[in-house]
Amino acid sequence: MSGWHLFYLVLGVFLGLALGILPGLGGSAGLAILLPFVFGMEPGQALAMMIGLLSVTTTSDTFPAVLMGIPGTAGSQATVVDGFPMSKKGEAARALSAAFAASLFGGVFGAFILTLSVFAAMPILLAMGFGEQMMLIILAISMVGMLTGSNPLKGLATCGLGLLLGAVGSAPATGAERLTLGTVYLADKIPLIIIGLAMFALPEIVDLLRRQQTIAKKGTVLGKGWLMGLKDVFRHWWIVLRCAAIGTIVGALPGLGGAVVDWIAYSHVVQSSKNKETFGTGDIRGVLAPESANNAKEGGALIPTLLFGIPGSGNKALLLGGFILIGIDPGLEMVTDHLDLTFIMIWSLAVGNIIGAGTCLFLAGPISKITTIKYTLLAPFMFGLIFFAAFQATRDWGDLIALMIMGTLGVYMKRFGWPRPALLIGYVLSSRVEAAIYHTTQVYQFTFLERPIVILLLVLTVISIFAALKFKIHAAPVTETGVHSQHNRAPQIAFYGLILAFTLSDRK
């Protein structure tokens with residue numbers, strides 16, 4: 001509750017609110033822009049700003065979802081289904097009020113579950129040796145690859161591409177240079193900030209400009225019903241509680257997270273309700289379910305991130321990069337040596353949700369007018385900010401060149417439905433899995449396969465791959481923009497050929 005901590009927390013919250021309002025951006029892009037500026041900061045203040053930003057992007061993204069029918073982030077897609085019809089019926093204020101209150105509860109609930117998880121995970125962390133850590137990372141990689149995106153094979157290939165990009169530079173064990181193309185810049189790996197901006201910030205802005213969309217054509221009358229929206233939360237408290245629990249559980253599973261948690265919660269409330277015919281026409285339950293779930297998932301996603309160093313989503317992969325910048329190593333130390341920082345993050349998450357939801361409630365009128373700004377006016381400013389943040393990575397011209405190359409890759413991955421979070425998570429885990437394999441083989445050889453926890457994790461890995469292939473392999477491949485990738489196969493085949501050529505190359 002110190003003054004400087006609250007100052008940086010509020011600053012992060014306001015940044016997150018602004019990014020959530022702008023369609024296409026969100027926590028991942030915002031955190032990628034923020035990372036260069038937290039370098040050298042006091043750990044508690046840096047964590048406050050990063051957690052504050054991540055805690056509320058799924059709160060303010062409700063504005064474009066309800067007022068315009070455009071998801072502010074991936075976590076508000078299901079909110080559009082009933083939120084936008086309510087807006088067209090003159091009940092925008094009721095929908096926004098209910099959404100913000102549900103988001104507030106979901107965020108605090110996720111922080112509470114995260115608190116319990118810290119104590120429950122302590123004996124598990126103490127039992128984890130090198131072999132167990134390696135199998136846990138492999139389980140996470142398989143889940144990320146199989147569960148991220150609509151096509152499990154594409155997800156697994158993208159995760160593998162991230163592992164390959166993470167291998168660029170000097171090998172951790174031998175120091176041998178790999179895929180550096182004879183340049184000094186690549187000898188120290190591609191900065192995580194560059195990967196984050198290229199995968200999440202540039203593709204979204206380019207896609208919106210390519211389609212020449214504006215944030216909104218005209219303002220929307222909010223109407224009355226602020227108090228009614230708050231009453232809806234109490235009247236449907238059981239739905240809010242159930243969906244918050246669903247959001248926390250799904251958030252803790254690597255590879256799921258923001259893109260699907262709102263749909264899972266929405267599907268649950270539709271299937272468990274008696275009168276289903278009103279959904280899709282402006283039912284308040286269709287707003288409460290996804291909004292409570294997508295905020296609760298932030299607390300759930302922090303469980304594997306803090307305790308095992310395994311990011312539960314793309315923005316948590318960038319958060320791990322932020323940990324490294326301020327000198328924090330996630331894992332056992334987070335519940336022993338750095339327990340104070342762990343609880344700083346937990347309660348920053350809770351307080352950030354309270355501040356964010358309160359701000360949205362009291363300033364809904366002025367904030368909603370921001371949605372009337374043309375996106376073409378904001379894009380040049382965003383491009384400048386992105387390139388400035390990228391140059392801060394190492395302050396080398398190679399940063400900008402790498403951003404352009406990786407950004408082009410990100411644009412086509414988005415266009416052809418290759419899951420970008422899988423690449424980022426694979427990139428972050430590449431150094432950890434390589435170190436884990438080296439340590440395991442040096443200490444145990446192949447006897448680590450006889451350890452009970454290793455066997456259990458191996459079985460879970462096989463089950464996760466089998467389940468993903470069984471339930472998702474027959475689904476029609478869909479791109480991130482919702483276009484079936486069965487059309488225009490020629491450019492997709494060419495894109496696949498380029499990725500395959502890079503994968504098979506062996507430059508030294």
Side-chain angles (χ1 to χ4, degrees), residues 20-21 56 58-110 220-248 250 258 260-297 353-354 356-365 367-368 371:
I21 293 172
V56 295
T58 50
T59 300
S60 59
D61 64 356
T62 308
F63 279 108
V66 170
L67 299 181
M68 300 168 294
I70 302 173
T73 66
S76 62
Q77 295 177 22
T79 306
V80 174
V81 178
D82 281 288
F84 189 50
M86 289 185 67
S87 177
K88 291 191 290 186
K89 292 191 298 185
E91 296 183 331
R94 179 188 177 190
L96 290 173
S97 176
F100 297 147
S103 297
L104 169 60
F105 177 82
V108 175
F109 181 84
T220 302
V221 178
L222 296 181
K224 299 180 181 180
W226 293 103
L227 187 59
M228 185 179 297
L230 295 176
K231 291 180 179 178
D232 287 327
V233 175
F234 289 98
R235 184 164 65 249
H236 299 291
W237 65 271
W238 183 229
I239 291 176
V240 175
L241 179 61
R242 292 201 318 265
C243 292
I246 290 172
T248 306
V250 173
V260 297
V261 65
D262 57 327
W263 289 114
I264 293 175
Y266 187 83
S267 300
H268 166 73
V269 74
V270 171
Q271 293 171 358
S272 60
S273 300
K274 294 181 179 179
N275 50 337
K276 302 178 176 62
E277 62 279 356
T278 56
F279 285 99
T281 62
D283 194 314
I284 193 64
R285 295 172 297 175
V287 174
L288 295 173
E291 288 300 314
S292 59
N294 62 26
N295 273 58
K297 83 170 190 308
N353 273 280
I354 295 172
T359 302
C360 289
L361 279 170
F362 288 104
L363 300 179
I367 291 176
S368 64
T371 61

**Message:** Using only atom types and a distance under 3.5 Å, with no angle test, would you say the side chain of Ser97 pairs donor to acceptor with the backbone of Ala93?
**Reply:** no
**Message:** Within the 4.5 Å heavy-atom criterion, are Ile354 and Leu104 side-chain neighbours or not?
**Reply:** yes
**Closest non-hydrogen atom pair between Val287 and Ala99, with its separation** = CG1-CB, 3.8 Å
**Asked** In Å and rounded to the nearest 0.5 Å, what is the OG to CD1 distance from Ser292 to Ile239?
**Response** 9.0 Å
**Item:** Heavy-atom closest contact (Ala101 atom, Val233 atom, distance)
**Value:** CB-CG2, 3.6 Å
**Complete:** All heavy atoms of Pro290 vs all of Arg285, minimum pair found to be CD-O, 4.5 Å
**Request:** Measure the CE-OG1 distance between Met86 and Thr281 for me, rounded to the nearest 0.5 Å.
**Result:** 10.0 Å
**Nearest heavy-atom neighbours spanning Asp232 and Leu288** = O-CD1, 3.8 Å
**Message:** Using the rule given for side-chain contact (heavy atoms from CB on, under 4.5 Å), can you reason through Tyr266 versus Phe279, listing the C-alpha separation, both sets of side-chain angles and the distance that settles it, and then say yes or no?
**Reply:** CA-CA 10 Å; Tyr266 187 83; Phe279 285 99; 3.7 Å; yes
**Message:** Minimum heavy-atom separation for Ala265 and Ala289, please, with both atom names.
**Reply:** CB-O, 3.6 Å
**Message:** To check you understand the geometry: which heavy-atom pair defines the closest contact between Phe109 and Leu241, and what is its length?
**Reply:** CE1-CD1, 3.8 Å
